[in-house]
Engineer: 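Take this structure, written in structure tokens, and hold onto it; I'll ask about it next.
All residue numbers in this chain count up from 1 along the given sequence. Atom set for the values below is all heavy atoms of this structure, side chains included, hydrogens, waters and symmetry mates excluded.
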Amino acid sequence: MQKLTAASPETHSPDLVAENLAALQALFPELITEGPDGVAVNIDVLKALVGDKTVSDADEKYGLNWHGKRRARQLALTPSTGTLRPCPEDSVDWDTTQNLMIEGDNLEVLKLLQKSYAGKVKLIYIDPPYNTGKDFVYPDNFQDNIKNYLELTGQTGGGGKKLSTNTEASGRFHTDWLNMMYPRLRLARNLLREDGAIFVSIDDHELNSLGAILDSIFGVENFVGVFVWEKRTTRENRKVFSVNHDYIVCYAREKAFFEAARCLLPRSDENEDRFSNPDDDPRGPWQSVSMNAQAGPGRRKEQFYTVTTPSGRKVEPPSGRCWVYTEDRFEELISDRRVWFGENGENVPRMKCFRSESNDGIVPHTLWRAEEVGTTDTAKKAIKDLFKGIEVFDTPKPIPLLQRIVQIGTNDQHSDIILDFFGGAAPIGETAYRQNLADSGRRRFIVIQLPETLPDDSPARQLGYETLSQVATDRLRRAGKQLKDLNPLFNGDLGFRVFKLDSTNIQEWAPDCDKIAETLEASIEHLKTDRTEQDILFELLLKLGLDLCVPIETQKMEGSAKHIHDLHSIGGGSLLVCLSKSIPQDDVEPLALTLVAWNQVLKPAGDTTVVFRDSAFADDVAKTNITAILQQHGLETVRSL
């Protein structure tokens with residue numbers, strides 16, 4: 001029983017300062033630093049988070065600092081001006097799949113996913129550029145990253161810009177990498193569930209910097225561990241040392257929640273070898289564990305006694321130790337045949353732990369050997385087999401390695417979302433397919449990959465792929481088909497929806513002073529004329545925070561003068577949309593009542609938002625009328641684009 005004293009926290013009034021600091025740290029771990037008097041708030045970071053432009057980089061504080069850190073933080077906070085355009089023609093099982101393959105700059109895509117997926121992702125795995133001097137760093141543009149992205153990938157004419165490598169000769173070698181990683185990791189944290197975690201592959205080049213960034217963003221207290229992966233079993237004689245390993249760094253969103261929801265690894269055949277049944281116990285195979293413990297404060301005198309073995313030998317606990325159980329409990333365990341004295345009946349007693357009663361899994365260790373999770377060579381062989389002998393990607397990660405991460409970071413019984421925003425050739429997507437097949441799981445994935453132009457002399461280019469994102473998409477397509485062919489009875493999700501980053505569907509106001517009349521006339525239509533209804537629908541999903549795989553139902557309504565209006569219900573009626581280019585006055589009331597009737601049939605759980613194309617109405621009177629009718633029937637939120 002704990003005694004309360006004047007020094008006990010329970011006898012004091014609440015420490016509001018400590019509570020406020022804890023609340024701030026939970027929301028923004030990077031706000032908390034170490035000052036001369038202990039824990040303090042980093043005022044510069046606070047100013048940056050609220051958009052105060054008076055903040056400077058001058059103050060010295062504990063933590064990792066580099067030139068451009070403030071700008072990198074602002075970059076993460078700058079809203080995206082883009083959207084994600086659906087590409088059903090490039091997708092597999094568009095109508096039913098819950099998986100996403102997104103082509104675009106991951107910084108902008110992460111911004112666009114903030115509303116729809118904030119706090120919903122269970123596991124993030126990324127394999128970012130290691131900054132070895134050979135890989136490139138994403139060239140962000142603080143002013144207009146969408147414009148920068150379109151120019152970079154040649155979507156605005158001119159053939160695009162060549163992605164340059166970040167060489168060690170650069171005076172900004174580490175700085176450029178830090179500025180690239182920081183805003184992406186900061187946005188990624190927002191997407192994690194409270195019991196979620198991020199796993200990051202890295203090597204020695206930036207291991208320390210990565211840890212410092214993650215400490216800043218996730219908080220030191222949410223560090224989980226560093227796994228060492230034996231990526232190579234052969235010796236490399238070209239350098240001072242043969243580097244045979246990489247690292248995988250793990251941080252949790254909230255460590256306590258992650259540990260409470262942790263998933264153990266399944267027991268392998270190697271683990272099963274530890275179980276046997278030398279005494280033919282009817283309860284099945286077992287393994288033995290020690291029955292003594294450290295003798296220290298809190299131990300009871302009943303734990304110190306002499307045990308007589310079946311052979312008559314007297315056994316004392318080792319020096320400085322005691323028995324785990326009291327003598328009475330020990331006798332009960334002997335009666336239940338749960339104590340093992342060895343085949344000769346004279347060994348030190350050990351406890352029998354039966355396989356049938358043991359935990360369903362084992363705690364993962366931090367050293368991942370090649371024979372357990374594969375190597376870079378086995379990964380290359382696997383992807384070559386998938387592409388009929390052609391090595392379309394030169395730095396793949398083995399699927400067994402990623403399966404181990406998925407087993408640790410997700411639950412096979414839940415529709416856990418896995419995110420990889422440095423998608424590469426989309427190994428995490430194939431991993432999700434294979435792991436769901438292995439344990440009948442329902443995991444979903446989101447893969448984001450820049451359409452990086454492939455070198456002209458690369459094997460993938462010779463196969464007809466122009467960008468790495470095309471390789472990733474086809475890899476998912478091939479992997480899904482292969483698994484279905486080998487397992488025709490498997491009814492899991494082997495599809496994916498493809499989306500591509502682009503500028504918003506809404507017209508931007510860009511007046512031409514020399515042609516002001518023409519500019520005004522062109523601006524009457526708020527939506528870009530080269531965009532489809534589907535493009536606009538999915539931008540609405542992003543803006544309103546709905547899942548990109550949410551069900552969409554469509555029905556048609558015949559109006560006056562043979563006008564056909566397509567009506568869309570999204571998310572079971574949480575969003576009703578009509579994007580007809582023209583809604584005549586005679587159609588206003590019938591259209592409104594049709595939407596009301598559909599809403600009553602759908603019976604959505606929450607409020608419904610109704611959206612129209614703004615330019616579809618002849619005048620403000622028509623807009624006012626349709627809004628009034630809808631609101632009279634309980635549809636209060638009416639919007640136009």
Engineer: Passes salt bridge (charged side-chain N to carboxylate O under 4.0 Å, His left out), Asp105 versus Arg184? Steps please.
Structural biologist: CA-CA 10 Å; Asp105 176 0; Arg184 290 163 172 81; 3.2 Å; yes
Engineer: I need the minimum non-hydrogen distance between Ser569 and Leu602, along with the two atoms involved.
Structural biologist: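 Shortest heavy-atom separation between Ser569 and Leu602 comes out as OG-CD1, 3.1 Å.
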Engineer: Can you tell me how far CD1 of Ile626 sits from CG of Leu595, rounded to the nearest 0.5 angstrom?
Structural biologist: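 Result: 7.0 Å between the selected atoms.
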Engineer: Should the pair Lys500-Asp90 be classified as a salt bridge under the 4.0 Å nitrogen-to-oxygen rule?
Structural biologist: yes
Engineer: Given the rule in the side-chain contact (heavy atoms from CB on, under 4.5 Å) test, do Phe490 and Leu494 qualify, once you have shown the distances and angles that lead to the verdict?
Structural biologist: CA-CA 9 Å; Phe490 178 61; Leu494 295 174; 3.9 Å; yes
Engineer: If you define the side chain from C-beta out and look only at heavy atoms, does anything of Leu476 sit under 4.5 Å from Met101?
Structural biologist: yes
Engineer: Do the side chains of Phe499 and Glu103 get nearer than 4.5 Å, heavy atoms only?
Structural biologist: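 Contact flag for Glu103/Phe499 side chains = no.
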Engineer: For a side chain to side chain contact (heavy atoms under 4.5 Å, CB included) with Ile446, tell me which candidate from Ile124, Val109, Asn99, Ile417 qualifies.
Structural biologist: Ile417
Engineer: Looking at Asp607, I want to see if its CG is surrounded by more than 12 non-hydrogen atoms of other residues, nucleotides or ligands under 6.0 Å.
Structural biologist: no
Engineer: Check whether any side-chain heavy atom of Leu567 sits under 4.5 Å from a side-chain heavy atom of Thr554, and report yes or no.
Structural biologist: no
Engineer: Let me confirm one number: the OG1-CD distance from Thr594 to Gln555, rounded to the nearest 0.5 Å.
Structural biologist: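 It comes to 7.5 Å.
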Engineer: Do we see a donor-acceptor contact under 3.5 Å between the side chains of Ser503 and Lys528?
Structural biologist: yes
Engineer: Salt bridge or not between Arg186 and Glu30? Use side-chain N to carboxylate O under 4.0 Å.
Structural biologist: yes
Engineer: First locate atom CZ of Phe612, then atom CG of Asp614, and finally report the distance between them rounded to the nearest 0.5 Å.
Structural biologist: 11.5 Å
Engineer: State, with a plain yes or no, whether a side-chain heavy atom of Met181 is found less than 4.5 Å away from one of Pro128.
Structural biologist: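 Of all side-chain heavy-atom pairs linking Pro128 with Met181, at least one is under 4.5 Å.
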Engineer: Classify the side-chain pair Asp493/Gln98 by whether it contains a donor and acceptor separated by less than 3.5 Å.
Structural biologist: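 On atom types as modelled, these side chains do not qualify, holding no pair under 3.5 Å.
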Engineer: Can you tell me how far the CD atom of Gln435 sits from the CD1 atom of Ile405, to the nearest 0.5 Å?
Structural biologist: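 Taking CD in Gln435 and CD1 in Ile405, the distance rounds to 12.0 Å.
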Engineer: Report the residue from Arg444, Arg193, Lys122, Arg443 that forms a salt bridge (charged side-chain N to carboxylate O under 4.0 Å, His left out) with Asp416.
Structural biologist: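 For Asp416, the salt bridge (charged side-chain N to carboxylate O under 4.0 Å, His left out) test succeeds with only one of Arg444, Arg193, Lys122, Arg443, which is Arg193.
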Engineer: Heavy atoms, side chains only, cut-off 4.5 Å: are His568 and Glu553 in contact?
Structural biologist: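 They are not in side-chain contact.
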Engineer: Can any side-chain N or O of Asp566 pair as donor or acceptor with the backbone N or O of Lys556 at less than 3.5 Å?
Structural biologist: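 Side chain of Asp566 to backbone of Lys556: no pair is present.
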Engineer: Charged N to carboxylate O below 4.0 Å: is that the case for Lys47 and Asp44?
Structural biologist: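 Between Asp44 and Lys47 there is no salt bridge, as every charged N stays at least 4.0 Å from the carboxylate O atoms.
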Engineer: Tell me the closest heavy-atom pair linking His565 and Asp587, and the distance in Å.
Structural biologist: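 For His565 and Asp587, the tightest heavy-atom pair comes out as NE2-OD2, 2.9 Å.
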Engineer: Which atom pair, heavy atoms only, marks the closest approach of Pro604 to Gly572?
Structural biologist: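 The answer is CB-O, 3.6 Å.
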Engineer: Can we say Glu430 and Arg475 salt-bridge, meaning some charged N sits less than 4.0 Å from an Asp/Glu carboxylate O?
Structural biologist: yes
Engineer: Please round to the nearest 0.5 Å and tell me the distance separating atom CG of Leu185 and atom CD1 of Ile217.
Structural biologist: 5.0 Å
Engineer: Quick check on side chain to side chain contact (heavy atoms under 4.5 Å, CB included): which of Leu191, Ile198, Ile428 does Leu419 satisfy it with?
Structural biologist: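 The single option meeting the side chain to side chain contact (heavy atoms under 4.5 Å, CB included) with Leu419 is Leu191.
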Engineer: Say whether Thr467 and Glu452, considering side chains only, have a donor N or O and an acceptor N or O under 3.5 Å apart.
Structural biologist: no
Engineer: Evaluate side-chain contact (heavy atoms from CB on, under 4.5 Å) for Thr97 paired with Ser91, printing each intermediate quantity in order.
Structural biologist: CA-CA 9 Å; Thr97 186; Ser91 307; over 6 Å; no
Engineer: Which is it for Glu558 and Lys562 under the salt bridge (charged side-chain N to carboxylate O under 4.0 Å, His left out) test, yes or no, and what are the steps along the way?
Structural biologist: CA-CA 6 Å; Glu558 185 172 347; Lys562 298 185 178 179; over 6 Å; no
Engineer: With a sphere of 6.0 Å drawn around CD of Gln631, does it hold more than 12 non-hydrogen atoms of other residues, nucleotides or ligands?
Structural biologist: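 Enclosed: over 12 neighbouring heavy atoms sit under 6.0 Å from CD of Gln631.
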Engineer: So do Cys549 and Arg497 actually touch side chain to side chain, heavy atoms under 4.5 Å?
Structural biologist: yes
Engineer: Under 3.5 Å, is there a donor on one side chain and an acceptor on the other for Asp93 and Thr96?
Structural biologist: no
Engineer: Can you name the closest pair of heavy atoms from Ala188 and Phe421 and give their distance?
Structural biologist: CB-CE2, 3.6 Å
Engineer: Is there a side-chain contact between Asp502 and Leu84 in this structure, where contact means two heavy atoms from C-beta onward sitting under 4.5 Å apart?
Structural biologist: no
Engineer: What closest approach, in Å, do Glu194 and Phe257 show between heavy atoms, and which atom pair accounts for it?
Structural biologist: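 Nearest pair, atom of Glu194 first, then Phe257: O-CB, 3.3 Å.
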Engineer: Output the distance between atom CD1 (Ile102) and atom CG (Leu548), rounded to the nearest 0.5 Å.
Structural biologist: 6.0 Å
Engineer: Are the ring centres of Tyr433 and Phe445 closer than 6.0 Å?
Structural biologist: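 Yes, they do, as the ring centres are separated by less than 6.0 Å.
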Engineer: So, do Ser582 and His563 sit near enough that their side-chain heavy atoms are less than 4.5 Å apart?
Structural biologist: yes
Engineer: Using a distance-only test with no angle check, is there a side-chain donor-acceptor pair under 3.5 angstrom linking Asp586 and Ser560?
Structural biologist: no
Engineer: Which pair of non-hydrogen atoms, one from Leu468 and one from Gly424, has the smallest distance, and what is that distance?
Structural biologist: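 That would be CG-O, 3.8 Å.
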Engineer: Please state whether the rings of Tyr251 and Phe218 are parallel, tilted or perpendicular, taking 30° and 60° as the class boundaries.
Structural biologist: tilted
